[in-house]
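What follows is a set of notes on a single structure, which appears directly below.
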There are 2 protein chains.
Amino acid sequence: MTATKKRRREPPRSYHHGDLRRSLIEAALELLAEEQNWNFSLREVARRARVSHNAPYNHFADKQQLLAAVAASGFLTLRDRMRRAIEGVDRPDAALVKTGVVYVRFGIENPAFYKLMFGSVLGSGEAERPEDLVKAADAAKSILTEIIERGASSAVFPRLRNDPKRIQLAALAAWSIVHGFTMLAIDGLADGLPRRAFNAAAEQVAQTFANGLKASPFQSENKENTRV
Amino acid sequence: MTATKKRRREPPRSYHHGDLRRSLIEAALELLAEEQNWNFSLREVARRARVSHNAPYNHFADKQQLLAAVAASGFLTLRDRMRRAIEGVDRPDAALVKTGVVYVRFGIENPAFYKLMFGSVLGSGEAERPEDLVKAADAAKSILTEIIERGASSAVFPRLRNDPKRIQLAALAAWSIVHGFTMLAIDGLADGLPRRAFNAAAEQVAQTFANGLKASPFQSENKENTRV
DNA sequence: CGAGAATGTAGGCGGTGTCAACATAGAGGG
DNA sequence: CCCTCTATGTTGACACCGCCTACATTCTCG
């Protein structure tokens with residue numbers, strides 16, 4: 001163990017690498033940031049990690065698995081950022097807004113990374129999706145869910161009044177709008193905006209959503225005005 | 001011209017193909033549907049079109065451009081479906097809901113296709129994005145915008161009261177929530193749902209959104225409760 | 001300390017994207 | 001009507017890729 005730690009701080013000399021798995025993920029992240037897509041070759045990743053073109057196969061079954069690991073790491077850092085953003089924020093509505101803003105900003109600042117997180121999942125009918133990735137995504141989602149649960153049980157979001165089904169739907173809707181907005185912003189399809197006003201717009205979107213949950217349940221037409 | 005038409009209905013015999021560009025797009029669509037991803041090779045596309053592996057380069061600068069053309073075609077058929085869904089529907093709120101439902105269904109039924117539409121756009125800082133693709137996406141968006149404009153000018157969506165900025169934002173928010181919901185549904189991240197209830201959930205989401213626009217502007221806290 | 005599991009390297013195979021050189025077909029002016 | 005020009009296909013080649021098998025080195029732990 002001490003040997004491993006040592007190897008990680010001095011330039012990896014020896015035959016064995018120490019923590020190649022992590023290095024590969026980091027190299028992939030570099031390439032992702034540089035080229036803004038994930039068409040880079042697995043061999044190039046290996047080169048960056050100063051390792052033969054076949055070494056990665058000891059850690060990942062194929063390229064797809066590497067990308068999935070990168071994606072998973074993305075969900076985890078996103079979760080951490082959201083978590084840090086709401087430290088010490090007590091009011092659930094304020095927390096929800098902060099979370100949304102941080103989320104959108106993360107996506108806009110790391111467009112390729114963000115797209116990879118959702119894009120690499122594809123193909124997978126359902127089961128092919130690596131468990132780590134699903135877990136990481138759930139971890140990120142759970143931040144939203146927790147906030148909404150908190151608001152529901154403390155009467156800040158009276159519309160949800162502790163109905164677990166409504167809470168789930170509210171979380172899903174929250175994620176939907178924030179995710180959709182982020183994707184459109186990344187793709188430059190949000191033309192209506194003054195180009196630099198993304199932060200403000202993101203805050204408005206998040207704010208509006210929170211307000212929707214705060215409003216007391218009054219509407220008549222549809223019994224399911226639970227969220228949005 | 002008549003010669004061209006003839007060649008398109010009998011098995012393409014001659015040296016020249018007639019409408020290879022379209023054939024390539026169709027072949028790519030087939031592969032996309034079969035493999036549920038766009039990792040198929042350009043050469044395979046050429047094979048399906050019964051053409052040498054280099055013929056595509058007479059119509060597309062590279063593989064990316066082919067994919068972009070496929071994506072553009074996707075936006076156009078999506079637009080058509082939405083348009084057909086609201087034929088004869090007069091009330092803007094009802095039209096908005098129908099549009100949303102059709103949109104989500106399209107995404108869920110053609111997950112890889114839908115993801116390609118948004119996924120292939122990447123990399124492009126802004127200008128690399130082929131103009132055709134941008135146009136097609138705008139054409140799809142314009143359906144939403146038109147409905148919302150109609151509702152705004154006919155007082156069905158009083159919150160927007162003909163403020164063009166609010167209308168733009170409302171359209172963007174509408175697209176955001178529908179797009180986000182679709183993506184999450186595709187990725188199976190909408191666990192809260194009974195698995196088959198997507199249609200119902202989609203309708204609820206759309207309905208709620210429309211309701212949000214219909215409600216009269218009453219909220220106090222934030223002057224910008226324009227949408228959602 | 002010695003065997004076996006982990007983890008690395010070397011080399012090869014079929015396939016890929018793209019380029020360059022050449023072939024054929026259709027269109028339009030002499 | 002022919003003859004050239006251009007659009008569109010074809011063939012061949014190159015470097016590179018993903019992934020496989022075989023082999024080498026190191027680590028672990030009984």
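Since the structure is predicted, the reported quantities are computational estimates derived from the model, not experimental observations. Order of the sequence lines fixes the chain letters, A, B, ..., with proteins taken first and strands second; residue numbering starts at 1 for each chain.
Look at A:Arg84 and A:Glu87 and you find no salt bridge, because none of the NZ, NE, NH1 or NH2 atoms lies under 4.0 Å from a carboxylate O.
If you measure from atom CH2 of B:Trp38 to atom C1' of C:dG17, you get 19 Å, rounded to the nearest angstrom. Per the geometry, CG belonging to A:Leu42 stands 13 Å off P belonging to C:dT9, to the nearest Å. One interatomic measurement links the two molecules: CG of B:Asp19 to P of C:dA25, which rounds to 19 Å at whole-angstrom precision. In this structure, the CD atom of A:Gln64 is 13 Å from the C1' atom of D:dG18, given to the nearest Å. Between the CG atom of B:Leu31 and the P atom of C:dT16 there is a distance of 11 Å, rounded to whole Å. When rounded to the nearest whole Å, the span between OH of A:Tyr57 and P of D:dC17 equals 11 Å. In this structure, CD of A:Gln65 is placed 14 Å from C1' of D:dC19, rounded to the nearest angstrom. For the pair A:Phe60 CZ and D:dC19 C1', the computed distance is 16 Å after rounding to whole Å.
Side-chain proximity of A:Asn58 to the nucleotides C:dT9, C:dG17, D:dG18 is greatest for C:dT9. Here the nucleotide nearest the side chain of B:Arg43, chosen from C:dT18, D:dG18, D:dT11, is C:dT18.
If you check every strand for non-hydrogen atoms under 4.0 Å, A:His59 touches sugar and phosphate atoms only. Across all strands, B:Ser41 comes closer than 4.0 Å only to sugar-phosphate atoms, never to a base (heavy-atom distances).
Stem analysis of DNA chain D (Watson-Crick or G-U pairs, both distances under 3.5 Å, runs of at least three) returns C:1-30 with D:1-30.
Residues that satisfy the side-chain hydrogen bond (donor to acceptor under 3.5 Å, both in side chains) test with B:Glu30, not counting sequence neighbours, are B:Arg48. Under the salt bridge (charged side-chain N to carboxylate O under 4.0 Å, His left out) criterion, B:Arg79 pairs with no residue at all, not counting sequence neighbours.
For the pair B:His53 and B:Leu20, nearest-nucleotide mapping onto DNA chain D gives the more 5' position to B:Leu20.
For B:Tyr103 and B:Phe181, the ring centers sit 6.0 Å or farther from each other. For an aromatic pair to be called close, the ring centres must be under 6.0 Å apart, and A:His179 with A:Phe118 satisfies this.
For the pair B:Asp80 (side chain) and B:Arg83 (backbone), a donor-acceptor distance under 3.5 Å is absent.
Note that B:Lys141 lies outside the cation-pi zone of B:Phe75, set by a 6.0 Å cut-off to the ring centre and a 45° limit from the axis.
Checking the phosphate oxygens (OP1, OP2) of C:dT16, a side-chain nitrogen or oxygen of B:Arg47 falls inside 4.0 Å.
Residue-to-nucleotide contacts include a donor-acceptor pair under 3.5 Å from the side chain of A:Asn54 to the base of C:dG11. Checked by distance alone, B:Asp62 brings no side-chain donor or acceptor within 3.5 Å of a matching partner on the base of C:dG17.
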